[in-house]
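Below you'll find the structure I mean.
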Amino acid sequence: MPDNKTALIDLHYLPCIEYFTCLKKFDTILIEKEEYYVKQTYRNRCHVLSANKVERLSVPVEGGNKKIKIKDIRISYKEKWYNDHWRTIMSAYGRAPFYEFFSDYFEAEFQKREKFLFDLNLNLLTLCLKLLQIKPVINFTDKFEKKPESDIIDLRSVIHPKQGYGQNTFYHPQPYQQVFGNTFVANLSIIDLLFCEGPNAAATVTNSMA
């Protein structure tokens, strides 16, 4: 795919590594803001590696069963999910080599308690891009188009939790030293790579581009 094309993509919660290998292929990213919220996707979930297993972190939302645009989906704070998420992250990565370097940045985003999922995801994406030194031009859709213009590569829902590792479109796993386990687990949330590899994370993303 030519680098000068624009990629149209959905906004994820603490995206997986493949998401960033995808973004790195394009100079311009168009983030879908006008679609209806889709359940059981990376829009409100991510995966991290704990001592015992791969943990799924899900952000609870209000009205997930209704036709609500992604930009209007509110985060539910009926339960203190953000405390649970942060405890899981601390438990999973507290001993990682670069946890102390990056953890304050991420914790600060959780403490903002954004009202909307889109805003939380965008804040986290902006932070991750900064730490990885990936600098695409980012724009947002102003209307939903089922079929975008010919010069736009439509990647909405291409990166999905149900896809197998052998089906990755933009990701060729490059193993790195993880905190737990003897077997490398590929394509976790980008925080796994950042906390484990620190400044080397950017190179790992580049080398993982398929």
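Keep in mind the model is a prediction, meaning the values are calculated, not measured.
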For Ser50 and Glu55, indicate whether the former's side chain and the latter's backbone hold a donor-acceptor pair under 3.5 Å.
-> no

Any Thr6 side-chain heavy atom under 4.5 Å of Asn139 side chain | no

Kindly give the heavy-atom pair with the smallest separation between His160 and Thr41, and that separation in Å.
-> NE2-CG2, 3.6 Å

Does a side-chain heavy-atom distance below 4.5 Å link Lys69 with Tyr36?
-> yes

For the residue pair Leu155 and Phe170, establish whether any side-chain heavy-atom pair is separated by less than 4.5 Å.
-> yes

Gap between atom CG of Asp119 and atom CZ of Arg74 - 0.5 Å precision = 10.5 Å

Decide whether Met209 and Ile9 are clustered together by the hydrophobic rule: side chain heavy atoms of Ile, Leu, Val, Met, Phe, Trp, Tyr closer than 4.5 Å, transitively.
-> no

Would you find more than 12 non-hydrogen atoms of other residues, nucleotides or ligands less than 6.0 Å from Phe144 atom CZ?
-> yes

Audit row: Ile159, Tyr171, side chain to side chain contact (heavy atoms under 4.5 Å, CB included) steps and yes/no = CA-CA 10 Å; Ile159 301 174; Tyr171 177 59; over 6 Å; no

Heavy-atom pair of closest approach, residues Phe195 and Ser103 = CE2-N, 3.9 Å

Taken to the nearest 0.5 Å, the spacing of Leu122 CG from Leu127 CG works out to 11.5 Å

Is Tyr105 atom OH crowded by more than 12 heavy atoms from other residues, nucleotides or ligands, each under 6.0 Å away?
-> no

Straight-line distance of Gln40 CD to Lys162 NZ, nearest 0.5 Å | 5.0 Å

For the residue pair Tyr19 and His12, categorise the inter-ring angle as parallel (less than 30°), tilted (30 to 60°) or perpendicular (more than 60°).
-> tilted

Any side-chain donor near an acceptor of the partner, Tyr42 and Asp10, under 3.5 Å = no

Are any of the side-chain heavy atoms of Pro60 and Glu79 separated by less than 4.5 Å?
-> no

Among Val185, Leu57, Leu188, side-chain contact (heavy atoms from CB on, under 4.5 Å) partner for Val48 = Leu57

Is the Phe110 ring parallel, tilted or perpendicular to the His85 ring (thresholds 30°, 60°)?
-> perpendicular

Should Glu107 and Met90 be marked as a side chain to side chain contact (heavy atoms under 4.5 Å, CB included) after you check the CA-CA gap, both sets of side-chain angles, and the distance that decides it?
-> CA-CA 10 Å; Glu107 186 176 14; Met90 285 193 297; 5.9 Å; no

What closest approach, in Å, do Gly63 and Ile68 show between heavy atoms, and which atom pair accounts for it?
-> O-CD1, 3.5 Å

For the hydrophobic clusters of this structure (ILVMFWY residues joined by side-chain heavy atoms under 4.5 Å, transitively), does one cluster hold both Val38 and Phe116?
-> no

To the nearest 0.5 Å, how far apart are OG1 in Thr126 and CG in Asn121?
-> 10.5 Å

Heavy atoms, side chains only, cut-off 4.5 Å: are Arg87 and Asn83 in contact?
-> yes

Taking Arg156 as the fixed residue, which of Glu35, Glu32, Glu145 is the one that meets the salt bridge (charged side-chain N to carboxylate O under 4.0 Å, His left out) rule?
-> Glu32

The residue among Asp72, Asn65, Asn44 that forms side chain to side chain donor-acceptor pair (under 3.5 Å) with Tyr37 is Asn44

Give a yes or no on whether the backbone of Gln111 and the side-chain of Trp86 come within a donor-acceptor separation of less than 3.5 Å.
-> no

Side-chain donor or acceptor of Thr21 paired with backbone N/O of Glu18 under 3.5 Å | yes

Linking Ile, Leu, Val, Met, Phe, Trp and Tyr by side-chain heavy atoms under 4.5 Å, what else ends up with Leu8?
-> Leu30, Ile152

Pairs involving residues 191-210, ordered by first then second residue, that meet side-chain hydrogen bond (donor to acceptor under 3.5 Å, both in side chains) (sequence neighbours left out) | Tyr93-Asp192, Tyr176-Asp192, Gln178-Asp192

Side-chain donor-acceptor contact under 3.5 Å, Arg43 with Ser157 = yes

From Lys5 NZ over to Ser150 OG, what is the distance, rounded to the nearest 0.5 angstrom?
-> 6.5 Å

Minimum heavy-atom distance between Phe98 and Leu194, given as atom pair plus value | CB-O, 3.7 Å

Are Val205 and Ile190 close enough, and set up right, to give a side chain to side chain contact (heavy atoms under 4.5 Å, CB included), and what steps lead you there?
-> CA-CA 9 Å; Val205 168; Ile190 192 66; 4.2 Å; yes

Is Lys25 close to Cys22 at the side-chain level, that is, under 4.5 Å between some pair of heavy atoms?
-> no

Of all heavy-atom pairs linking Cys196 and Gln177, the shortest is CB-O, 3.5 Å

Give, for atom NZ of Lys135 and atom NZ of Lys24, the distance between the pair rounded to the nearest 0.5 Å.
-> 10.5 Å

Hey, are the side chains of Phe20 and Leu129 touching, using non-hydrogen atoms and a 4.5 Å cut-off?
-> yes

Taking C-beta and beyond as the side chain, do Leu49 and Val179 meet within less than 4.5 Å on heavy atoms?
-> no

What are the two closest non-hydrogen atoms of Glu109 and Leu120, and how far apart are they?
-> O-CD1, 4.3 Å

Please test Phe118 against Ile31 for side chain to side chain contact (heavy atoms under 4.5 Å, CB included), starting from the C-alpha separation and ending with a verdict.
-> CA-CA 10 Å; Phe118 192 91; Ile31 293 179; 4.0 Å; yes

